[in-house]
Chemist: 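One structure, as structure tokens, below. Some questions next.
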Amino acid sequence: MSHRNARQATLCGWGFISPWLLGFFSLTLFPFVASLYYSFCRYDLLSPPRWVGGENYRQLADELVSGGPLAHALWNTGYFALVSVPLSIALGIGLAVMLSWPVRGQPLFRTLLYLPSVLPILATAILWQWLFDPRQGFVNHTLGLLGLGQPGWFTSVEELLVGGTPGSKDALILMALWSTGNFMVIYLAALGDIPRSLYEAAQLDGASRWRQFWHITLPLLSPVIFFNLVMGTIQAIQTFTQIYVLSAGQGDPDRSLLVVSLHLFLTAFQDLRMGYASAMAWLLFVLVMGITWLLFRTARRWVFYQGAVR
Amino acid sequence: MRRVKTPRFAFLMLLTVTGLFSLPMGVMVLTSLKSPAELDANPHAWLPDRWQASNYREVVTTMPYFLYLRNTLVLCVGSVVGSVLSCSLVAYGFARLRWRGRDRWFGLLIATMLLPWQATMIPRFLLLRELGMYNSLAALIVPTFLGDAFYIFLLRQFFLSLPEDLLDAARLDGCSELGVFVRIAIPLSKPALATVALFQFVAAWNDFNGPLLYLSDPEKFPLAYGLERLVSAYSTQTHLVMAGAVLFSLPIVLLFLLTQRMFLRNTVSGSIKG
Amino acid sequence: MNVSRWQLATLVVIGIVLAALAAVEGRRPVPEGRQEVVFWHFWGGPYRPVVERIVERFNRRQARYWVRAVAMPGSNLDTKMFLSVTGGDPPDLINQDKPIVADWAQRGIVRPLAELASDAELEALDTWLYPPAKKLGSYHGTLYGLCNGLDVRALYYNQTMLADYELQPPKNLEALDQIAQAIAPPDATEPRAYFGYLPDPRRLWAWGIVFGGQFYDPATGRVSADDPRIVQALAWMGSYSQRYGSRQVAAFRQGDQRLPGSTFPLFGPYDPATQQRRYGNYALVMDGQWRVAEITRVNRAALAAGKPVHQYGVVPLPTPAGGRQQAGWVNGNFFLVPRGARQPAGAWEFMKFWSGFGGHEAQAAQACAEGGWIPASPQVVTEPVFQSYLNQNPLMKTFVELAKSEHQVPIPALPVAALYRREIEAAGQAVMYRGADPETVLREVTQRVQARLDEVRHASR
């Protein structure tokens, strides 16, 4: 390729990606840098930002160490992400495998299982609050008929993994699992890409269905699992709308639903502390980067790429 | 996949799981058809004693449902057009053109997916405000014309799977890259573009934070945010709130039913293995 | 075939768009020669028509202004309003009930009434308003908001239920505790259908005052949530959770507030078999005057249908030894004019009209009677329309009496009130739902809120 051509090709390439470039500089990079600047300021959106140095970050550390709302928020976000992401991956794979079985009515099953993730978040939240009401909801009514306990679900500060009784976060996780269809669809597509010959060869060797799943399906799905793990974690950490709706806009009961994104929103738009909120946003960003980096580190051990990596 | 030995077992299992997943939706619809007195007296009954369809009329007449619906559709259609146009163009640039620095820029694009929206929320608000887009649907539509990392990523994977010969043939015929893109790549990518369109349609339909931050005039509210108004006005009337929720979900469910075969089959079939 | 499905889908979308476009009514045009005043409020449900009638009355009598009322979602109206001011497109007038006057006044988001009213008007207003109504709209001695209705809380009781148990309405806090235990003895193991009484964890604002505490000490200029009497109040609230278990208490008290479908918690459903009215969630509950209208409505409908009803009564919040009589937490609805409003003069005319100030008392009395609101001024209360309303609704009298009391205290007008409110509500929940120690929790709240307050004060210096 000649020099001229190379320059032309680059120009052409830039031309094609120019919409994104414009978006990147104006809607991502600029806000990103600006929020870094604000995080060193005191700012209420109305009067100009005033430089305060590392004060916001000092307060952030303070709030965390003294067990203030931020400490609750980090714990809640962590709990939600840590429990909901692995479960949604397992559930997504399970459902996808079932949906790949050639049975009658398969399209209908696919539609019905995907439908919950198309339902509007607000509608879903209202619906689940109704289902999970400890005294009038269908869930506890059913548990009662089965002779099981009566958890407080959204009304309770309890945590299944800590005290053994489900509370608000666990109800939130169940709700998230219900609308896990987007992941399911991705697994379904990936399952379709697995060459049939691999299973046929395994059958000739007399491998059981379970062994086939464990040694063929899972390894070949691992890149998709990895993708969903990363994206799912990021999504879980950013979840806002349903929590805002379900927790009276302030993380009720007793901050058991106060996640970082909600705390940040309240700090910014109720307490009018944009600088402090920006510092919190940066904390969130560093957290996400750290987790992603960790995930990529471990990926080498368990993600199996079929053929060449593009 | 090999034939399932016990199709009846598989069928029953799917039926159970699907039934369980569909129950909440059933409760939503049935509750929306009950009268308040009945809900009060016997909240656990499945079927209404008396089917009260008038709940729907009440919701539609007390809340400007059709106004909200129109706003939602403007938002959905506008942002779908924006996303499909911009993301396909950018994705093609990353997939099928060779130019210096391409992979580095692509890496940057992937990295932006990791950025929490909260980190850019405030300056973004200020910027769009400066551009005069506060209290306008434009604040929610215009950014979609500037690409979205996830959709670009999906489309790039799809474009990568197109056979090079086809594109080269067109180039030899004297087509410019833009010509190749419009005449060859786009027609071949309809399923992938449709997937992006549907994803974006659903996302715009559901967007709550956008209207919360950017819209102040109720005549511009989309359904997702208008429903919040219904909830706060009717917080004491479950049957009406549920009817609102059904009305809110219905159009998108219909759209999904119409397109689901295509959608479920083709989603990301280029797959995520990059 | 796939493509045709997509085409079909597109057609459906276009069809819905057209249908929607056809069904949408245009905005009612502003009449010739009138200036439009954009007015945001959060009134929904049965209040919506009342508000619409007030606006209509105003518009009919006006030659200069024309008010366009806009119903907003109530749960985040304050956030919306703030963003609209920063976005440069605010309404001309807003009516809401969140305690944000100080937060916003401090940052110049709202305009002081002195910029709208004449000196004579301001002076008259000073004596015209009830003391709590004045406190609600003021920051640092300057009036920013004009109150149009007070929200007063008292203790409702189900008279029928108390009679069934042969109990009398409580005269003091001790009696309240005894009633609670008589109806719901602490040793039962089965999940209960109802309680005698359960405190609401969000209402330390009220009980703290009743116990004799104060949340802010004007003498020292310091936040004082750790006032020993407030700690005592919170410990008393927590005692109910210790007695009945946090989960039970939370299932009742959280459920009351947020579940769509919940109404006044003293109402019980009708038993489908016997057609008898069941007990509600409690025999007694602290609630605001708006329930009076609800009780009237519900009982009237039931009697018309030939069903039995329960009778309800109301008493001031019962007091412990050494506490305050006729005390509690008062809140209210008030008008604010945001910075950047285009029609402040029209906004001022309308807020006077609704609240009744400046010769509009009779019309305000009419509005309060229709909406079941407590007027912000004694001069509206004495109007014949409102007096006859009181005679028809004797339960309201208790609330109107309470509105005069100097022990009805709003959330302190601090520029960190939004934060303070969240912190106090969380403190109540921490004690009642987690069994936290009241003193520790309130000390932490005090420290956090004080630190923010210092910061705001320092920044404005």
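Nothing here was measured: the structure is a model prediction, and the numbers come from that model.
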Chemist: Heavy atoms only: give me the nearest L115(B)-Q238(A) pair and the separation to one decimal.
Modeler: O-NE2, 3.7 Å

Chemist: Out of L122(A), L36(A), L29(A), V230(A), return the one with the most heavy atom pairs under 4.5 angstrom to chain B.
Modeler: L122(A)

Chemist: Tell me, side chain or backbone of M231(A) under 4.5 Å from chain B's heavy atoms, or both, or neither?
Modeler: side chain

Chemist: Need one label for F145(B): side chain, backbone, both or neither, based on atoms under 4.5 Å from any heavy atom in chain A.
Modeler: backbone

Chemist: Just wondering, are more than 12 heavy atoms of other shown residues or ligands nearer than 6.0 Å to CZ in R100(B)?
Modeler: no

Chemist: Between A45(B) and chain A, with a heavy-atom cut-off of 4.5 Å, which part of the residue counts as in contact: side chain, backbone, both or neither?
Modeler: backbone

Chemist: Heavy-atom distances under 4.5 Å only: say whether T292(A) touches chain B with side chain, backbone, both or neither.
Modeler: side chain

Chemist: If you count heavy-atom pairs under 4.5 Å between each of S261(A), G94(A), S39(A) and chain B, which one has the most?
Modeler: S261(A)

Chemist: So W293(A) and L114(B), side chain to side chain contact (heavy atoms under 4.5 Å, CB included) or not? Walk me through it.
Modeler: CA-CA 11 Å; W293(A) 180 77; L114(B) 306 182; over 6 Å; no

Chemist: For the atom pair OG1 (T18(B)) and CE (M98(A)), what is the distance rounded to the nearest 0.5 Å?
Modeler: 7.5 Å

Chemist: Between L119(A) and N206(B), which heavy-atom pair has the shortest distance, and what is it?
Modeler: O-ND2, 3.8 Å

Chemist: I need the residue from F32(A), F285(A), W178(A), F24(A) with the largest number of non-hydrogen atom pairs under 4.5 Å to chain B.
Modeler: W178(A)

Chemist: Just verifying a value: how many Å separate L45(A) CG and I122(B) CD1, rounded to the nearest 0.5 Å?
Modeler: 7.0 Å

Chemist: What part of I225(A) gets closer than 4.5 Å to chain B, counting heavy atoms only: side chain, backbone, both or neither?
Modeler: neither

Chemist: Which distance, rounded to the nearest 0.5 Å, do you find between the CG of L89(B) and the CH2 of W20(A)?
Modeler: 13.5 Å

Chemist: May I ask you to check whether Y114(A) and F21(B) place their ring centres under 6.0 Å from each other?
Modeler: no

Chemist: Under the side chain to side chain donor-acceptor pair (under 3.5 Å) test, which residues partner W282(A), sequence neighbours left out?
Modeler: S35(A)

Chemist: Which one of L108(B), T112(B), L109(B) satisfies the side chain to side chain contact (heavy atoms under 4.5 Å, CB included) criterion with T28(A)?
Modeler: T112(B)

Chemist: I need the residue from V288(A), V139(A), T241(A) with the largest number of non-hydrogen atom pairs under 4.5 Å to chain B.
Modeler: T241(A)

Chemist: List the residues meeting salt bridge (charged side-chain N to carboxylate O under 4.0 Å, His left out) with R102(B), not counting sequence neighbours, and say none if there are none.
Modeler: none

Chemist: Given a strict heavy-atom distance threshold of 4.5 Å, which part of A268(A) is in contact with chain B: side chain, backbone, both, or neither?
Modeler: side chain

Chemist: Once rounded to the nearest 0.5 Å, what's the spacing between atom CH2 of W128(A) and atom CE of M28(B)?
Modeler: 12.0 Å

Chemist: Check S26(A) against L146(B) and note the closest heavy-atom contact, atom names and distance.
Modeler: OG-CD1, 4.2 Å

Chemist: In terms of heavy-atom proximity below 4.5 Å to chain A, should T31(B) be classed as side chain, backbone, both, or neither?
Modeler: side chain

Chemist: Test F208(B) against I121(A) for side chain to side chain contact (heavy atoms under 4.5 Å, CB included), laying out the working first.
Modeler: CA-CA 8 Å; F208(B) 182 85; I121(A) 296 174; over 6 Å; no

Chemist: Report yes if some heavy atom in the side chain of M121(B) is under 4.5 Å from a heavy atom in the side chain of L264(A); otherwise report no.
Modeler: yes

Chemist: Could you tell me the separation between the CG atom of L23(B) and the CZ atom of F138(A), rounded to the nearest 0.5 Å?
Modeler: 9.5 Å

Chemist: Under 6.0 Å between ring centres: does that hold for W117(B) and F240(A)?
Modeler: yes

Chemist: If I measure from the heavy atoms of chain A, does R96(B) come under 4.5 Å with its side chain, its backbone, both, or neither?
Modeler: neither

Chemist: What are the two closest non-hydrogen atoms of F16(A) and G93(B), and how far apart are they?
Modeler: CB-CA, 3.6 Å

Chemist: According to the interplanar angle, ranging from 0 to 90°, do the rings of F269(A) and F125(B) count as parallel (below 30°), tilted (30 to 60°) or perpendicular (above 60°)?
Modeler: perpendicular

Chemist: Under a 4.5 Å heavy-atom cutoff, which of I152(B), V27(B), I252(B) has the most pairs with chain A?
Modeler: V27(B)

Chemist: Chain A heavy atoms under 4.5 Å from Y225(B): which part of the residue, side chain, backbone, both or neither?
Modeler: neither

Chemist: For the pair F25(A) and W105(B), name the ring-plane relationship: parallel under 30°, tilted 30 to 60°, perpendicular over 60°.
Modeler: perpendicular

Chemist: Should L212(B) and F265(A) be marked as a side chain to side chain contact (heavy atoms under 4.5 Å, CB included) after you check the CA-CA gap, both sets of side-chain angles, and the distance that decides it?
Modeler: CA-CA 11 Å; L212(B) 174 65; F265(A) 182 87; 3.6 Å; yes

Chemist: Looking only at heavy atoms, what is the nearest atom pair of P31(A) and R124(B), with distance?
Modeler: CB-N, 4.0 Å

Chemist: Chain B: which of L112(A), L108(A), L127(A) shares the most heavy-atom pairs with it under 4.5 Å?
Modeler: L127(A)

Chemist: Please round to the nearest 0.5 Å and tell me the distance separating atom CE of M13(B) and atom CH2 of W101(A).
Modeler: 4.5 Å

Chemist: A side-chain contact here means heavy atoms from C-beta on lying under 4.5 Å apart; do F199(B) and N182(A) qualify?
Modeler: yes

Chemist: Give the member of I234(A), T142(A), T124(A) that has the highest number of heavy-atom pairs under 4.5 Å with chain B.
Modeler: I234(A)

Chemist: Taking all non-hydrogen atoms of both residues into account, name the closest pair between F11(B) and R104(A) and its distance.
Modeler: CE1-O, 3.4 Å

Chemist: Would you say that Y38(A) contacts L126(B) through its side chain, given a criterion of any heavy-atom pair below 4.5 Å between the two side chains?
Modeler: yes

Chemist: Is it the backbone or the side chain of M274(A) that comes under 4.5 Å from a heavy atom of chain B, or both, or neither?
Modeler: both

Chemist: Is the shortest side-chain heavy-atom distance between L14(B) and L99(A) below 4.5 Å?
Modeler: yes

Chemist: Out of L128(B), L15(B), V246(B), which one racks up the most heavy-atom pairs below 4.5 Å with chain A?
Modeler: L15(B)

Chemist: Of all of V17(B), L250(B), L223(B), which one pairs up most often with chain A through heavy atoms under 4.5 Å apart?
Modeler: V17(B)

